[in-house]
Amino acid sequence: MLEALRSIVQAVNSAGNLQAALDIIVSRIAEVMGTEVCTVYLRDPESGRLIFMANQGLNPELIGKISLGPDEGLVGQVARREEPVNLDHAEKHPNFLYLPGIGEEQYHSFLGAPIIHQRTVMGVLVVQQKDSRRFDEDEEAFLVTMSAQLAGVIAHARATGSITTSQNVVGATASFKGIAGATGVAIGRAVIVAPVADLHSVPRRQSDDPQLELQAFQSALSAVRTDIHALSEKLLTHLPADEHALFDVYLRIIDDGSWAAEVVKKINEGEWAQGALSQVMSSHIRTFEMMEDAYFKERATDIKDLGRRVLAYLQTSEVEPAEYPDKTILVGEELTASMLGEVPREKLVGMVSVRGSSNSHVAILARAMGIPTVMGAADLPYTQIENANLIVDGYSGYVHYNPSAEVYEHFRSVSEEDQVLTQGLEALRDLPSETLDGHRMPLWVNTGLMADVARSLDRGAEGVGLYRTEIPFLLRERFPSEEEQRAIYREQLIAFAPLPVTMRTLDIGGDKALPYFPIEEENPFLGWRGIRVTLDHPEIFLVQVRAMLKASEGLNNLRIMLPMISNVQEVDEALDLVRRAYDELIEDGWDITLPPIGVMVEVPAAVYQARQLARRVDFLSVGSNDLTQYLLAVDRNNTRVADLYHAYHPAVLNSLQQVVDAAHAEGKPVGICGELAGDPAAVLLLMAMGYDMLSMNDNSLLRVKAVIRSCRFDELQALLNSAMLVETADEVKALLRKVMIDIGMERLLQPIGA
Ligand code: PEP
Ligand code: MG
């Protein structure tokens, strides 16, 4: 059964469009279950009617032409109740409805299962048979499993189909739902970025010169042939004959001209070489993967490997001088900080990532740089939209493909309003960050790139609450040397002096992998991350701390902060290392002072030990991004659970209050440097809780200041008390929304944090 399930899902995945997918479903399920009839009814989202969309065994002429209302028939019952119906005499059931012309009369037994994707009924899957018998438990379980597996595929094919089936229709438009990553609206052109040698994410593109593409393909192929020969020679004496025969298989695949001829044909039809290779190879891989025979199944892996090798050569030979159009909207399956870094800032207006969530690091970077971004647009057929006109709505998380004139006009005016708002906020730059009744609230910034510095100072930042040192590490090909680090850090310290700069020691692991220091783990967010890595590699930690200390000479505005602390021993060990580095530098004659040292509270254990931690250091700073993900057990990058990531969750708010109380009980200041600190509405609660400092990306700074200057501190405690009494994040959100409206700040409400 498992094998049958897998092969049906694979076959459906490889279908070119929604109808082909549905046709495969009905014919394969009828075959595997041995039933005479199999039908898929799809629910029309607008009318709610269940349309007879694909069928095996009934009247094919009615496909797409008849439908049932949500209250009609057994099919309607399955959809309405969201549960299977299994009957041996369907015609005797009170809900049975006879559809004339369909040819159902002779079928007595009926088994229907709902197709549900993300809590929404997409349709109903039905099998029927002539003889009156109840389908047994195994059959029912099979159909339910099948429809659960197929729901995502059908949803994806349906969304994708909005582009693929209408590609040739001038003016076809479509919208795709994702997650708001960075606020704002971007109107521009899609530029697709793909990781190296990934067959699956090569964009479709028309070539200007098929001859050139053919040559590139032929030489890539012969380069791979040479490589395989060389590999084969090299391993000749080390491998037993059986294993060595693998190379002959590879060479036979290369020399078998049939697939290469298909690639050539596609190139001649105008597709570029990489696109032609990826389409042909992907279809062959799918064919082999679906074969029952284990030997042939294995060949799929060989073909994939060969395809990747040829693609890698094509990608190096076809490196075009990366030319980005004005108003580039960067689109990719999984955007990374380095992909972002390659586009000149003045050309980049927006970003869309098919994977990830609003707290992925690339989204944080996008917010810091003020680039409207949508994350987790899972259904976007991104390889097919190169050069398309797109609108990125970073407020609601929608991507609009080839928008209509009205949609375009709407977003153009939103974008203009944004500009007016931003200009209006500029007036606050030199005004103090204080409430109407005179309560001061220091606003600091989070930085990582040198480019952040000028903007931050320009917007009146009073210090740096979090300098993410891993960013300069991410943009290099090896660990930066002590001297290189010293120079980078000194630039930051000088730019802000005499204002304080909080440098966090290297926080890699989780979703921040250095290309030259890969950490491969099953569960990276619970693995070797942050302080755990650097304590295991004191040489990396010491070099970094020495570089920071040296950089601070004569400036004395450095603060050091430790990430991912989950127990007091880690703090003690790190403090020892910092003191050791400091003593050595003093011995060497450096004129430096020991900087204040702080701990990030971003793991639930640190909340419960906040007093013990505060006692050991000079300050605490809450990393609400990680604290939220760890408290709620919601991966901050996972699109599927993004709806559960609520920084307004009462458990998170309680923890935030607990940390303030613990730090203050030890007489230590406490700040917050997660994204929540830059959420203008959440700031009302954070101030009432007693946070001494808020650190945010510089784009949020003036928005937050506008809110602070519009509220009365003496009224916030009552708001906090109410927020602490409610039981859900939505209620907290509603409370904040009301206050924001009351103080005239509704326009600044943003989706982050709720
Ligand atoms: C946090 O976790 O809130 C934080 C500020 O650190 P980062 O987002 O870099 O993990
Ligand atoms: Mg963190």
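Atoms considered below: every heavy atom in the structure, side chains included; atoms not considered: hydrogens, waters and symmetry mates. Position 1 is the first residue of the sequence; numbering continues from there. Indexing begins at 1, ligand by ligand and atom by atom, following the structure's order.
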- NZ/NE/NH1/NH2 to OD/OE distance under 4.0 Å, Arg616 and Glu570: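 Judged by the 4.0 Å cut-off on N to carboxylate O distance, Arg616 and Glu570 do not form a salt bridge.
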- Message: Less than 4.0 angstrom from a charged side-chain N to a carboxylate O is my criterion; do Arg636 and Asp626 meet it?
- Response: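 The answer is yes: the pair qualifies as a salt bridge.
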When you check the side-chain N and O atoms of [X] and [Y], is any donor under 3.5 Å from an acceptor?
X: Asp511; Y: Asn637; result: yes
X: Asp418; Y: Tyr395; result: yes
X: Tyr645; Y: Asp635; result: no

- Test Thr469 against every option in Gln544, Gln485, Arg504 by the side chain to side chain donor-acceptor pair (under 3.5 Å) rule and name the one that passes.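 The option that passes is Gln544.
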In terms of atom number and element, which parts of ligand 1 are under 4.0 angstrom from non-hydrogen atoms of [X]?
X: Leu466; answer: 5 (C)
X: Gly623; answer: 1 (C), 2 (O), 3 (O)
X: Ile364; answer: 8 (O)
X: Lys512; answer: 9 (O), 10 (O)
X: Arg529; answer: 10 (O)

Contact partition for [X] relative to ligand 1, non-hydrogen atoms under 4.0 Å:
X: Arg504; value: side chain
X: Arg636; value: side chain
X: Glu675; value: neither
X: Met564; value: neither

- Task: Measure from the side-chain N and O atoms of Asn557 to the backbone N and O of Leu493, and report whether any donor-acceptor pair falls under 3.5 Å.
- Result: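 It does hold such a pair.
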- Do Arg486 side-chain atoms and Ala551 backbone N/O form a donor-acceptor pair below 3.5 Å?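 Checked: no pair found.
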- Task: Kindly give the atom name of the N, O or S atom of Asp626 closest to the Mg ion (ligand 2).
- Result: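 The closest N, O or S atom of Asp626 to the Mg ion (ligand 2) is OD2.
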- Residue Glu602 atom name (nearest to the Mg ion (ligand 2); N/O/S):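 Per the distance ranking, Glu602 contributes OE1 as its closest N/O/S atom to the Mg ion (ligand 2).
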- Query: Do any heavy atoms of Met561 fall under 4.0 Å from ligand 1?
  - Reply: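 The answer is no, since Met561 has no heavy atom less than 4.0 Å from ligand 1.
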- Any nitrogen or oxygen of Ser624, main chain or side chain, under 3.5 Å from a nitrogen or oxygen of ligand 1?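 Yes, there is a polar N/O contact under 3.5 Å.
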- Item | Lys/Arg cation over aromatic Phe619: Arg559, 6.0 Å, 45° cone |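 Yes, Arg559 sits over the ring of Phe619.
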- Query: Should one rank Leu627, Leu676, Asp626 by closest heavy-atom distance to atom 2 (O) of ligand 1, which comes out on top?
  - Reply: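 When every heavy atom of Leu627, Leu676, Asp626 is considered, Asp626 comes closest to atom 2 (O) of ligand 1.
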- Message: To check your reading of the model: name the closest protein heavy atom to atom 7 (P) of ligand 1, its residue, and the distance in Å.
- Response: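 Residue, atom and distance for the closest contact: His361 NE2, 3.3 Å.
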- Message: Test of understanding: with side-chain hydrogen bond (donor to acceptor under 3.5 Å, both in side chains), list the residues that count as partners of Ser655, not counting sequence neighbours.
- Response: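 Applying side-chain hydrogen bond (donor to acceptor under 3.5 Å, both in side chains) to Ser655 gives none.
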